Amino acid sequence: MLSGRPVVVKQLPEKLSVEQGRMFFLEVEPYLKSDRPRLVLDCSKVRQLDSAGIQMLLHCLEEAMKRNGDVKLAAVPPAAAQILELTKVDILFEAFDSPAEAVNSFYQFPIHSFEPALQPGYPTPASESAT
């Protein structure tokens with residue numbers, strides 16, 4: 001079932017530092033203020049990511065989550081992915097190989113959200129019947 005709410009895809013600038021981050025946020029802010037915003041950030045052109053850029057990404061996510069929405073990353077270059085990993089920001093975002101995959105993920109049921117319940121130590125119907 002497809003929802004009527006659009007998924008917005010925005011291309012991040014090559015440099016994601018203080019000034020560029022501020023300008024980009026002003027550009028996407030109207031989308032983030034909608035009801036249950038769904039935003040995909042295409043990172044394919046990002047070559048420089050500093051703490052201000054990371055802060056802007058987190059601010060986008062925060063604004064979306066305030067309105068029961070989400071922000072997903074797509075096509076994150078290896079250098080930017082490494083920075084996100086080192087700062088532990090990578091665990092806050094779902095990241096996809098392409099913008100199309102990220103857009104499609106908004107229309108799929110998130111199976112991974114049930115994985116913790118299936119970790120060892122939790123009884124499952126199969127293990128309960130074996131005892």
Side-chain angles (χ1 to χ4, degrees):
M1 180 173 105
L2 295 178
S3 169
R5 290 179 294 115
V7 177
V8 176
V9 178
K10 295 302 271 181
Q11 176 74 56
L12 286 172
E14 189 173 313
K15 289 184 176 184
L16 202 51
S17 56
V18 175
E19 189 58 33
Q20 294 84 359
R22 187 176 298 129
M23 289 173 54
F24 182 80
F25 184 78
L26 290 174
E27 183 182 329
V28 298
E29 189 174 25
Y31 302 109
L32 295 171
K33 293 203 181 238
S34 66
D35 182 44
R36 298 175 66 194
R38 303 187 309 176
L39 180 63
V40 171
L41 300 178
D42 182 346
C43 304
S44 61
K45 294 185 178 179
V46 173
R47 299 292 170 253
Q48 181 181 337
L49 177 64
D50 63 15
S51 61
I54 291 171
Q55 185 176 13
M56 187 276 305
L57 292 174
L58 292 172
H59 192 55
C60 287
L61 182 61
E62 177 184 26
E63 290 302 310
M65 292 180 79
K66 283 180 186 177
R67 293 164 184 85
N68 294 321
D70 200 4
V71 175
K72 300 183 183 195
L73 305 179
V76 181
Q82 186 175 22
I83 291 169
L84 293 173
E85 185 178 343
L86 288 171
T87 57
K88 306 287 188 213
V89 173
D90 63 323
I91 63 173
L92 301 174
F93 290 93
E94 280 189 276
F96 297 86
D97 291 337
S98 71
E101 288 179 40
V103 168
N104 288 336
S105 73
F106 279 104
Y107 299 108
Q108 297 173 355
F109 190 72
I111 302 227
H112 68 278
S113 63
F114 296 106
E115 288 175 359
L118 301 176
Q119 297 297 321
Y122 289 98
T124 61
S127 66
E128 290 173 356
S129 62
T131 55

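Residue numbers count from 1 along this sequence. Predicted model only: the values in this text are computed from it and were never measured.
Shown here is E101, whose CD atom has more than 12 heavy atoms of other residues, nucleotides or ligands within 6.0 Å. No more than 12 heavy-atom neighbours from other residues, nucleotides or ligands sit within 6.0 angstrom of CZ on R36. Shown here is Q82, whose CD atom has no more than 12 heavy atoms of other residues, nucleotides or ligands within 6.0 Å.
A donor atom on one side chain and an acceptor atom on the other are found under 3.5 Å apart for S17 and Q20.
Rounded to the nearest 0.5 Å, atoms CG (L12) and CD (E27) are 9.5 Å apart. In this structure, L61 CG and L39 CG are separated by 10.0 Å, a value rounded to the nearest 0.5 Å. Note that CD of E62 is 4.5 Å distant from NZ of K66, once rounded to the nearest 0.5 Å. With rounding to the nearest 0.5 Å, the separation of CG in L92 from CG in L57 is 10.5 Å. Atoms CZ and NE2, from F24 and H59 in turn, are 12.5 Å apart once rounded to the nearest 0.5 Å. Taking CG of L41 as the start and CD of Q11 as the end, the distance is 9.5 Å to the nearest 0.5 Å.
In the hydrophobic cluster analysis, where Ile, Leu, Val, Met, Phe, Trp and Tyr join through side-chain heavy atoms closer than 4.5 angstrom, V40 is grouped apart from V28. Linking Ile, Leu, Val, Met, Phe, Trp and Tyr whenever their side-chain heavy atoms come within less than 4.5 Å leaves V18 and M56 in two separate clusters. Using a 4.5 Å cut-off between side-chain heavy atoms of Ile, Leu, Val, Met, Phe, Trp and Tyr, with links allowed through other members, V9 and L73 fall into different hydrophobic clusters. Linking Ile, Leu, Val, Met, Phe, Trp and Tyr whenever their side-chain heavy atoms come within less than 4.5 Å puts I83 and L58 in one cluster. With hydrophobic clusters built from ILVMFWY side chains whose heavy atoms lie under 4.5 angstrom apart, L86 does not share a cluster with V89.
In terms of heavy atoms, G21 sits closest to L16 at CA-CD1, 4.2 Å. In terms of heavy-atom proximity, V76 sits nearest to A81 at CG1-N, 3.5 Å. Closest of all the heavy-atom pairs between C43 and P77 is O-CD, 3.1 Å. Closest heavy-atom contact between V8 and Y31: CG2-CD2, 3.6 Å. In this structure, D70 and A64 approach most closely via the heavy-atom pair N-CB, 3.9 Å.
By the 4.5 Å heavy-atom criterion applied to side chains, I54 and L84 are counted as neighbours.
Salt bridge present: E94 and K72 bring a charged side-chain N and a carboxylate O closer than 4.0 Å.
Contacts of K15 classified as side-chain hydrogen bond (donor to acceptor under 3.5 Å, both in side chains), with partners at least two apart in sequence or in another chain: none.
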